[in-house]
Structure formats: structure tokens, C-alpha cells
Protein chains: 2
Amino acid sequence: MEKLSRNSRVVAITKILTENPNKVIGLNRFSDLLNAAKSTISEDIVIVREILEKLEMGKVETIAGAAGGIKYIPGIENESRRKFAEDICEMLKDESRIVPGNFIYMTDLMYNPQIISKAGVILSSVFYNKEVDYVVTVETKGIPLAYEVARNLGIPLVIIRRDNKVTEGSTVTINYVSGTSGRIQQMSLSKKSMKAKSKCIFIDDFLRGGGTAQGIKDLLKEFESELVGIGVLVDNIGVTQKRVDDYISIVDLRHLGESKDLEVRPSNLIK
Amino acid sequence: MEKLSRNSRVVAITKILTENPNKVIGLNRFSDLLNAAKSTISEDIVIVREILEKLEMGKVETIAGAAGGIKYIPGIENESRRKFAEDICEMLKDESRIVPGNFIYMTDLMYNPQIISKAGVILSSVFYNKEVDYVVTVETKGIPLAYEVARNLGIPLVIIRRDNKVTEGSTVTINYVSGTSGRIQQMSLSKKSMKAKSKCIFIDDFLRGGGTAQGIKDLLKEFESELVGIGVLVDNIGVTQKRVDDYISIVDLRHLGESKDLEVRPSNLIK
């Protein structure tokens, strides 16, 4: 390939970095692809880093050593973050979301890539320094959000099933008490799905009593693994006695009994 | 904000475009954010477009008119595409993937963001010109791939459940014959999940007899909507009598009866 201009090189570098969040990429890869000396690529990277930081669009970190290179940490500017959380609050206040049984319909939000990709950046930003091995969720509504967090952290997703599937091979199954139904439910996970001694975070749509999170802690013990963090889009702060205490949310909601009144506001995570 | 250099502007434009695939973004947004005239931004966009096309990393299209602007269509270079499909074939050939009942374990592939993000670009590339309203899948294994396709197309995801959930409000439920089990199963979809007269594509991990796809066609009729395309990661071409005929896959697999021999190769979609 002929020599490219700096303008062209920084476009290509930005594209590759944003598509590979939290992955160390050696300068050789850029050097080979863009037909430029490593010293030139290093100068390009300074430009990319500076403008992304200035616009609060993420960070580019340098990793020294033989296996070194650079990695991109997704970010979202504080104002967009706040506006995003406020928009979610507005959407949740819509009375037509209350469905029989006094639940809040939020499936449309959880399956909307424009919303979930931003929520994923906000939640994953808390876990970059924690050396997490897997993002875990329970089917079904939290899967897109958990997937986004896994993608941002550059690690695999693990989805716990509510029943055994023939395509999963041998599974480990536990019983737990669901906060939603108050009933005993099951969680199953394929034995092939996780290496022993892993650190996991649990990502979900909604936290109520924390029964599911407690179930996941128990299930992970069967895999000699550990839950090191919990992140949800919505925390039901009306439920004060939770079985887990260390978690983050994007918005906090208090659903006032049988009426349709909702109190909903950005969480402490949103400055 | 002070004036930025062209180098800095093209980085920011690339970042915003790649984060908003298939969405029309007006030049005003770039002009305001980057404090530059629209004519300057237009020149920046030419640079971004040219290098992305040269490296086969996607296209930047211009949409004329009052609601016009530019939009980014994700792409993947032909060589990476072929290598990707060949890598999937290699992974699937691993004998330890055969689980009791003669199924192939591929959950690890379906939940790996590095794999699924590429598969999502390849599958979505077929549907950009089809004016699709929703990407539809059935829980659970195909959800990350369907989500990636939805994100690339800039449209919402719809997940069909296998049972009714209290949090979904009123649902429509149909019965269908599963190709995997040969048994009658159910599919449920919340009435709130889709506008009438929508065009949908179905994305999944694996196509066997097409029973699920046929079930989705029937369910969509209940929503006065239509299935206009099907895309899967793996087509089991060993099953020759399928209930659907118009679909695309990334790899084709033939599982030789009760033995552990697999024939697996890139599909016709991969050049």
C-alpha cells in the first residue's frame, strides 16, 4: 500500500481502537496495516488520545513492555451521561408502562441498541480496573446490556438459563428464591461455560430484592468462581432490604404501592 | 471550544459515525461539536469516507435533502471475512463440542463479543437496503448476534419468549413444532413489542429444519407484520428439507449421523 496521510491514519486507528475496546493492540498491527514507521504511529496515537480525552469520548492507554501496545477504554462525556439518565427517568415515568401485576414494562428500553450501548459504556466504566473474567446475566431481558458491558470490557458473556437445554451439555443447577415471584426457581449453567477461579460481574435490567444476585453468587461457587460486582439499569430503591449490598445502577426507582405514581431519578453513579 | 485541527476533527467524526451505524447524522451536529463550518466538515468527511473505503472498513453515504446528512454502513474487508468464516469452521470441528444427544456446543462462540461483533457486521451487510423495522430472535443463544445486527442496522431488537412473563403485559402466544426436539413448543411476544405492518428479519445461531423460522412467520402475522429475511451463523445443510428457503448463513455444517465427523465450510455468502 502507498503511504497514507496522517489524516487517513488517525481515522483508521480510531476505527480499530473503538472496535476493540479494552484490548491491547500492538503498534506493529497499525504499522503493518498503514505502512508507516512505529514512531509515526506513536505520533498519530497522541493525536487520537488527545482529542478523545478533550471531547470526553474515551481514553487511550499505553501498555509498556514486550506484550505492550495501546488500548481504548470507552467513555461518555459527563453531560451526555446525565442527560441519558434523565431521559431514562422520563421514559419510565410514562403511566402506560405499568402492566397488570404492578410491574413496569421496560423491554423496549432493554432491547433498544441506542439506549443499551450508552448504558453499557456507563456501567462498564466502573469495572475496567477490576480484572473481570466474565460478565454474567440470567436470561432474558438483561442480555443485550450484559453483552454490551462484556464487549466494552473485551471479555466473554455467560448467560445462565432458567432450564436445562440439550445443546448445553452437562449443567450445574441450583434453586433460589426469586424476588419477583417470591417462588423457588432454578438457574442452570453449562459446565463448559466458565473456567474455575474466575471473577465475574452480574449485569441485569432491574434489581429488586437481590434474590437473583444471591442465586448467582451461590451458582458461581459451584464453579469455584466469585461475584465481584453487580450493575443494573434500574434499582428499585423501594425495596430496602436487599440480599446484596455492593451494586451500581443508572437510575433509582421507587414504585408507590398499588398506585401508578413513580419516583425515579438518576443514581449516585451519575454526577 | 477553540478551533480543532483537521486531524482531530476526523478522529471525532470517525468515532461518532462508528458508534451510530446506519443512522443519518446531520452535518450541523459535527459543525456544532467541532466548532467548524459545514464546508470544512464536508471536506473532513471526504477524508473519512476515502480511507474507510480503501481499507474496506465500511462506507459513509451522503443523504441529500433537508433531513439529510451522512450515515455510516459497517463493513469488513473480504480477506478478514473469509478468515473469520474459516476460523469458525476450525472451532466447530473440535470433537469435544459434540455433547450427548449429538448436538454441537457452540454457546461459547455465540457469547464471545469478538466473534459475534464480526458475525453481526457480515450478516447485517445483506440487509442495509431492505428497510427493516425490527430484528427478531427467539431466546436465548441467538440474542447477542441478533443484538449486533440490530445495532448495525440502527433498529430495535425484539426477543420472542418461550413462556409468558409477568413483566411483559399482554402477550400473543402461538404453538409451533421445534426442529430440535420434534415437539410442539410455544412462542410468546408482548403486544407492546412491535408496531403493526412492520418488516422484520430473524437472526439466530443455528438453522436446522426451519421450524422456528416458520413459527416466527406465523407469530408475526398476528402482529400484521412480515418476515423479510433470515440470517444465521451456522446452517445445518445436512437437513435438506427445510420449511424456509430464503436465508443466509456464515458457515455450512453437515453433521454425519451418530459419528463425530463434521463437514463444515464457509457458506456461499463468504467470497
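Letters A, B, ... are given to chains in the order of the sequence lines, protein chains preceding strands, and every chain is numbered from 1. Owing to the predicted nature of the structure, the values given are computational and were not obtained by experimental measurement.
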Atom pair [atom1]/[atom2] of [X] and [Y] - distance to nearest 0.5 Å:
| X | Y | atom1 | atom2 | answer |
| --- | --- | --- | --- | --- |
| B:I160 | A:T140 | CD1 | OG1 | 12.0 Å |
| B:I143 | A:L157 | CD1 | CG | 9.5 Å |
| B:T107 | A:I159 | OG1 | CD1 | 8.5 Å |
| A:L55 | B:S8 | CG | OG | 8.5 Å |

Closest non-hydrogen atoms of B:V158 and A:Y111, given as atom of the first, atom of the second and distance, are CA-CD1, 4.4 Å
Any idea which heavy atoms bring A:P156 and B:P113 closest together, and the distance? CA-CD, 3.9 Å
Looking only at heavy atoms and a cut-off of under 4.5 Å, which of [options] has the most pairs with chain A?
| options | value |
| --- | --- |
| B:I104, B:I51, B:N20 | B:I51 |
| B:R6, B:E139, B:E168 | B:E168 |
| B:I13, B:I116, B:V135, B:D108 | B:I116 |
| B:S5, B:G58, B:A12, B:S190 | B:S190 |

If I measure from the heavy atoms of chain B, does [X] come under 4.5 Å with its side chain, its backbone, both, or neither?
| X | result |
| --- | --- |
| A:I115 | neither |
| A:V99 | side chain |
| A:Y134 | neither |
| A:S170 | neither |
| A:Q114 | side chain |
| A:R9 | neither |
| A:L17 | neither |
| A:T18 | side chain |
| A:N7 | both |

Does any part of the side chain of B:K54, heavy atoms only, come nearer than 4.5 Å to the side chain of A:L4, both counted from C-beta? yes
Do the non-hydrogen side-chain atoms of A:K141 and B:R161 ever get within less than 4.5 Å of each other? yes
What residues of residues 146-155 of chain B sit under 4.5 Å from chain A when only non-hydrogen atoms are counted? B:Y147, B:E148, B:A150, B:R151, B:G154, B:I155
B:K165 atom NZ, over 12 foreign heavy atoms within 6.0 Å: yes
More than 12 foreign heavy atoms under 6.0 Å from NZ of A:K59: is that the case here? no
Side chain, backbone, both or neither: which part of B:L52 has a heavy atom under 4.5 Å from chain A? side chain
Return yes if some donor-acceptor pair links the side-chain N/O of A:K15 with the main-chain N/O of B:M57 below 3.5 Å, else return no. yes
Taking 4.5 Å as the heavy-atom cut-off, does anything in residues 41-50 of chain A contact chain B, and if so which residues? A:I47, A:V48
Side-chain donor-acceptor contact under 3.5 Å, B:E19 with A:S117: no
